[in-house]
J.: 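Right, I'll just put the structure down here and ask away after.
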Amino acid sequence: MATIADVARHAGVSSSTVSYVLNGKRPISEETRRRVRRSVAALGYHPNAGARALAGRRSHIIALVVPLRTDVYVPVMMEIAVSVTTAARRHGYDVLLVTNDEGPAGVRRVATSGLADGVILMDVELGDKRVPALRAAGTQAVLIGLPDDPLGLSCVDHDFAAAGALSADDLADLGHRDVAFIGYEPGVYARHAGYAERTLAGFRERAQLRGLRFLHRPCEGTYEGTAGTLARILADRPETTGFVVQNERAIGPLLSLLRSGGRPVPEAASVVALCPDRLAEQHSPALTSVSGSAQELGRVAVEQMMSRLAAAQRQEQPVDERVLLPPVLTERQSSGPAGATPSNAKDPS
DNA sequence: TTGTGCGACACCACGACAGA
DNA sequence: TCTGTCGTGGTGTCGCACAA
């Protein structure tokens, strides 16, 4: 394996000159640069990551703490992870994927071991125990999600409250008066996941403002779970015609149950899904959706991290940024004007 | 004064070795 | 056996020298 000294010998310069050619931190004549680059290519040289970390006191690695649980929608998480990795590479950083099974102890271990220059935390809960651990470790950290107390950290998230409000507005604008919010499984609310609670709060506030009668029902997302949830909604409020669904796994079962229960979408019931566009387009009928860009979320998180690392390098206090990405409502075929009478409505259970 | 290149040294964890 | 010291790895960067 070629070292910087081999390249220097091959090019007839000192190793410091090779280093300056590679990192561009000092002007080097075009002729010398050309010679060094030729030697780098000829020897197949790549800087030794360990030595580089030792000398620069930076590993050029960002740890990405990814939730891998049964109640997360994996495609969205993967989309964010890919976006973080791509954006990090543009800055010369690699990404270390860390699963969340160690909790705060795992975050502390990664943050204090020098394994990574910074930590990006996904799936942040309101009172997330990992946040104080990160703060205490003194590492640069960016949260994808908004905790109760984001002091000393940068955060980026979708504006879930606005997404909830948009979905309520859409159904209200279409004339629906009785609507139901089908949420995630109860465990998600029990652990105070910020995205779930903020969406619900935004929906609730706007629904009240628009004079909607509404129900919120957590839902397991299985066919049986969705059937039970829908049955309870229609038992409590049979006149319900508008449905907002946040649990991605419940969407398919819900459409099917409404159809078989004599409430075809959109003729007799409207469904607005809080989900990625790609998923909304896969269903039949294609779903009216409120979505945010997972790619943008990852990109902004990395930009925030780079800005924090640069500030720390200059021995300045990093700025705690807080960015909420606005949601976009896309009208498709699953929502329509209220007023159609349910035909042959049956008990979905 | 500016541009360019070089030597020296620090970085840090770990193993090898010497001395108590 | 324990403790302390030194050398090792490859890279990044500072300070200096030199030429134009």
Side-chain angles (χ1 to χ4, degrees), chain A residues 1-66 84-121 130 132-142 152-154 299 301-319 321:
Chain A
M1 204 173 64
T3 67
I4 198 168
D6 297 328
V7 174
R9 248 192 315 276
H10 191 272
V13 296
S14 72
S15 54
S16 60
T17 300
V18 176
S19 176
Y20 286 126
V21 167
L22 296 178
N23 62 33
K25 290 190 176 165
R26 273 213 186 162
I28 299 290
S29 69
E30 186 51 43
E31 166 55 24
T32 306
R33 252 185 295 164
R34 236 195 320 265
R35 237 172 39 234
V36 169
R37 289 210 188 100
R38 267 201 298 268
S39 299
V40 165
L43 299 176
Y45 168 74
H46 285 286
N48 180 293
R52 199 170 173 221
L54 178 63
R57 278 178 278 184
R58 290 174 89 167
S59 64
H60 291 88
I61 287 173
I62 296 170
L64 177 66
V65 184
V66 182
V84 166
T85 308
T86 310
R89 275 312 307 149
R90 279 200 290 271
H91 291 276
Y93 277 76
D94 283 299
V95 171
L96 172 72
L97 274 189
V98 181
T99 56
N100 199 28
D101 43 5
E102 286 180 78
V107 166
R108 208 174 295 120
R109 179 177 61 79
V110 171
T112 56
S113 65
L115 201 59
D117 296 335
V119 178
I120 296 179
L121 206 59
R130 299 169 302 173
L134 270 181
R135 208 179 278 129
T139 191
Q140 297 309 325
V142 172
L153 306 160
S154 291
R299 189 194 66 77
V302 169
E303 293 308 323
Q304 288 182 337
M305 176 59 76
M306 291 305 134
S307 128
R308 295 190 73 89
L309 290 173
Q313 183 90 344
R314 296 191 301 269
Q315 301 196 323
E316 292 170 8
Q317 184 65 34
V319 178
E321 296 177 76

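In what follows, chains carry the letters A, B, and so on, assigned in the order in which the sequence lines appear, proteins first and then strands, with residues in each chain numbered from 1. No hydrogens, no waters, no symmetry mates; every other heavy atom, side chains included, goes into these values.
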J.: To the nearest Å, give me how far apart NE2 (His60(A)) and P (dG10(C)) are.
T.: 19 Å
J.: Starting at CG of Asn23(A) and ending at C1' of dT11(C), how long is that distance when rounded to a whole Å?
T.: 10 Å
J.: Counting the atoms with a prime plus P, OP1 and OP2 as sugar-phosphate, which does Ser16(A) contact under 4.0 Å by heavy atoms, base, sugar-phosphate, or nothing?
T.: base
J.: Among dG12(C), dC6(B), dG5(B), which is the nearest nucleotide to the side chain of Val13(A)?
T.: dC6(B)
J.: Return the value, rounded to whole Å, for the distance between atom CZ of Arg26(A) and atom P of dG15(C).
T.: 9 Å
J.: Output the rounded distance in Å from CD (Glu31(A)) to C1' (dA19(C)).
T.: 17 Å
J.: Rounded to the nearest Å, what distance is computed from the CZ atom of residue Arg57(A) to the P atom of nucleotide dA10(B)?
T.: 11 Å
J.: Is there a donor in the side chain of Ser19(A) and an acceptor in the side chain of Ser16(A), or the other way round, less than 3.5 Å apart?
T.: no
J.: Just the rounded figure in Å: distance from P of dT4(B) to CZ of Arg34(A).
T.: 13 Å
J.: Please state how far atom CD1 in Ile4(A) lies from atom P in dG5(B), giving the value in whole angstrom units.
T.: 14 Å
J.: Taking the nucleotide of DNA chain B with the closest heavy atom to each, which residue, Ser15(A) or Pro27(A), is nearer the 5' end?
T.: Pro27(A)
J.: Could you give the distance from CG (Asp94(A)) to NE2 (His60(A)), rounded to the nearest 0.5 Å?
T.: 10.0 Å
J.: Out of Thr17(A), Leu22(A), Asn23(A), which one pairs with Tyr20(A) under the side chain to side chain contact (heavy atoms under 4.5 Å, CB included) rule?
T.: Asn23(A)
J.: Report the residue (Ala51(A) or Ile28(A)) whose heavy-atom-nearest nucleotide on DNA chain B is the more 5′ of the two.
T.: Ile28(A)
J.: Report the distance from atom CG of Asp117(A) to atom P of dG12(C), rounded to the nearest whole Å.
T.: 13 Å
J.: Is there a side-chain polar atom (N or O) of Thr17(A) under 4.0 Å from OP1 or OP2 of dC6(B)?
T.: yes
J.: Which part of the nucleic acid does Leu54(A) contact within heavy-atom distance under 4.0 Å: base, sugar-phosphate only, or nothing?
T.: base
J.: Could you give the distance from CZ (Arg308(A)) to CG (Asp117(A)), rounded to the nearest 0.5 Å?
T.: 13.5 Å
J.: So Ser29(A), base contact, sugar-phosphate only, or nothing? Heavy-atom distance under 4.0 Å.
T.: sugar-phosphate
J.: Measure across Pro47(A) and Arg52(A) and return the closest heavy-atom pair with its distance rounded to 0.1 Å.
T.: CB-CD, 4.1 Å
J.: Hey, is the side chain of Tyr20(A) poking within less than 4.0 Å of OP1 or OP2 on dG3(B), counting only N and O atoms?
T.: no
